[in-house]
Amino acid sequence: MSHSAQAKAQYNLNKLQKRLRRLTGQAVMDFNMIEEGDRIMVCLSGGKDSYTMLDMLKHLKRVAPIKFDLFVVNLDQKQPGFPEHVLPEYLDKQDIEYKIVEEDTYSIVTDIIPEGKTTCSLCSRLRRGILYRTAKEMDATKIALGHHRDDMIETLFLNMFYGGKLKSMPAKLMSDNGEHMVIRPLAYCKEADISKYAFSQGYPIIPCNLCGSQENLQRKHTKNMLAQWNKDHPGRIESIFTAMQNVVPSHLADTELFDFENLKTGDVIDGGDIALDKPDIPNAPVSDEDENQQQQADVVTINLS
């Protein structure tokens with residue numbers, strides 16, 4: 001590779017890193033994910049998303065105006081062929097506290113789920129319970145997961161198509177047992193950016209299909225649908241995510257979310273409506289640049305790069 005090509009590649013990598021850091025910091029601030037004195041349990045699976053999340057959080061810890069601690073937890077579920085040496089060797093070089101939790105959930109799942117069927121749901125429930133228990137044992141105040149923007153969008157459509165709910169994957173939530181706050185610092189980050197960054201960093205990626213389970217076909221189809229949309233209509237995915245941040249309850253149909261029954265003449269809610277005219281919908285999705293220009297007028301950010 002020529003010197004100019006190397007310089008260009010490094011320039012693009014620096015831009016990518018700054019973008020991921022900025023978006024992670026913005027999500028942390030927008031949702032108040034991290035507070036003074038937090039002890040955050042970073043769940044590291046060995047995939048590209050969790051490696052990138054750990055990298056972003058370590059940087060944030062160095063530059064943030066508040067003090068908080070990080071420690072890493074990996075769950076070794078005793079799947080066949082799991083390279084149990086990979087993560088300890090990597091983490092020993094990272095100067096960070098970590099714990100490898102060994103639980104043979106693989107045998108439990110294979111005993112219950114018929115061969116050839118998807119085991120992800122049961123495996124996920126078992127994993128969640130173990131991670132909650134570990135968080136309590138390790139005195140964690142927050143649990144950080146590596147889900148990103150594309151995961152949130154896919155979940156939105158999965159819930160609409162198969163669950164009949166307008167519901168996504170929240171950037172911050174209370175655990176189902178009411179004891180743990182779960183955060184997703186990569187909520188604003190694109191999967192494509194994470195993939196490029198993880199490749200550039202040479203993370204020792206551990207495959208996610210060691211269990212041999214069938215891939216969730218519903219999620220696969222939804223992911224493929226969104227990828228095709230993104231190819232045919234650039235900007236559509238960004239527009240969908242922007243819509244998730246601009247919900248207008250009075251213009252939906254959930255009577256528990258908005259009090260339609262007591263709406264009276266003269267009450268102009270959320271700008272009212274033109275009713276008899278066609279809605280004013282842009283011909284093309286709002287671009288990232290247009291959105292950023294609008295946000296700059298309203299949002300004060302901290303330079304985290």
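Residue Leu70 holds its CG atom at 6.0 Å from NZ of Lys61, rounded to the nearest 0.5 Å. With rounding to the nearest 0.5 angstrom, the CG atom of Asp76 is 9.0 Å from the CG atom of Leu87. Taking CG of Leu166 as the start and CG of Asp254 as the end, the distance is 9.0 Å to the nearest 0.5 Å. Taking CG of Leu156 as the reference point, atom CZ of Phe161 lies at 8.5 Å (rounded to 0.5 Å). The structure places CE of Met152 at 11.0 Å from CG of Leu186, a figure rounded to the nearest 0.5 Å. Of the inter-residue distances, the one linking Leu16 atom CG with Arg21 atom CZ reads 10.5 Å to the nearest 0.5 angstrom.
Heavy atoms of other residues, nucleotides or ligands lying less than 6.0 angstrom from CD of Glu97 number more than 12. Applying the 6.0 Å contact sphere to NZ of Lys165 captures no more than 12 heavy atoms from other residues, nucleotides or ligands. For Lys196, the NZ atom sits in a loose shell: 12 or fewer heavy atoms of surrounding residues, nucleotides or ligands are nearer than 6.0 Å.
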**Report entry** Full working for side-chain contact (heavy atoms from CB on, under 4.5 Å) between Met174 and Met181
**Finding:** CA-CA 5 Å; Met174 178 60 65; Met181 187 66 69; 3.6 Å; yes
Requested in this report: List the steps and the verdict of side chain to side chain donor-acceptor pair (under 3.5 Å) for His148 and Asp151.
Outcome: CA-CA 5 Å; His148 45 68; Asp151 289 321; 3.2 Å; yes
Query raised in the report: Checking side-chain contact (heavy atoms from CB on, under 4.5 Å) for the pair Leu91/Leu54: CA distance, chi angles, key distance, verdict?
Result: CA-CA 11 Å; Leu91 292 169; Leu54 176 60; 4.2 Å; yes
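Residue Asp49 comes nearest to Gly146 through the heavy atom pair CB-O, 3.3 Å, listed as atom of the first residue, atom of the second, then distance. Here the closest non-hydrogen pair linking Gly47 and Ile205 is C-CD1, 4.0 Å. Here the closest non-hydrogen pair linking Leu263 and Asp267 is CD1-CB, 3.8 Å. In plain terms, the two heavy atoms of Ser168 and Met244 that are nearest each other are OG-CE, 3.2 Å.
Side chain of Ser239 to main chain of Gly235: no donor-acceptor pair is present (N/O by atom type, distance under 3.5 Å, no hydrogens or angles). Side chain of Thr141 to backbone of Arg39: a donor-acceptor contact under 3.5 angstrom is found. Judged by distance alone, the side chain of Asn159 and the main-chain N or O of Lys167 form a donor-acceptor pair under 3.5 Å. Formation of a donor-acceptor pair under 3.5 Å by the Thr222 side chain with backbone atoms of Glu154 is not found in this model. Side-chain N or O atoms of Ser200 include one that pairs as donor or acceptor with a backbone N or O of Tyr197 at under 3.5 Å. For the pair Lys48 (side chain) and Ile194 (backbone), a donor-acceptor distance under 3.5 Å is absent. With Asn230 contributing its side chain and Leu226 its backbone, the two residues share no donor-acceptor pair below 3.5 Å.
Side-chain contact between Arg184 and Leu173 is present, with at least one heavy-atom pair separated by less than 4.5 Å. Residues Glu35 and Lys142 meet the side-chain proximity criterion, which asks for heavy atoms closer than 4.5 Å. Between Asp55 and Leu20 there is no side-chain heavy-atom pair separated by less than 4.5 Å.
No single ILVMFWY cluster, assembled from side-chain heavy atoms under 4.5 Å apart, contains both Ile40 and Val101. In the hydrophobic clustering of ILVMFWY residues, with side-chain heavy atoms under 4.5 Å counting as a link, Phe31 and Ile143 come out apart. Both Met53 and Val72 are members of a single hydrophobic cluster when ILVMFWY side chains are connected at heavy-atom separations under 4.5 Å. In the hydrophobic cluster analysis, where Ile, Leu, Val, Met, Phe, Trp and Tyr join through side-chain heavy atoms closer than 4.5 angstrom, Met138 is grouped apart from Leu44.
Using a 30° and 60° split on the angle between ring planes, Tyr203 and Tyr51 fall in the parallel class, below 30°.
In this model, a donor atom of one side chain and an acceptor atom of the other lie less than 3.5 Å apart for Gln10 and Asn14.
Between Glu103 and Arg127 there is no salt bridge, since none of the side-chain N atoms of the basic residue sits less than 4.0 Å from a carboxylate O of the acidic one. With respect to Glu179 and Arg133, no salt bridge is recorded, no charged nitrogen being found less than 4.0 Å from a carboxylate O.
A search for side-chain hydrogen bond (donor to acceptor under 3.5 Å, both in side chains) contacts involving Asp104 returns Ser107, not counting sequence neighbours.
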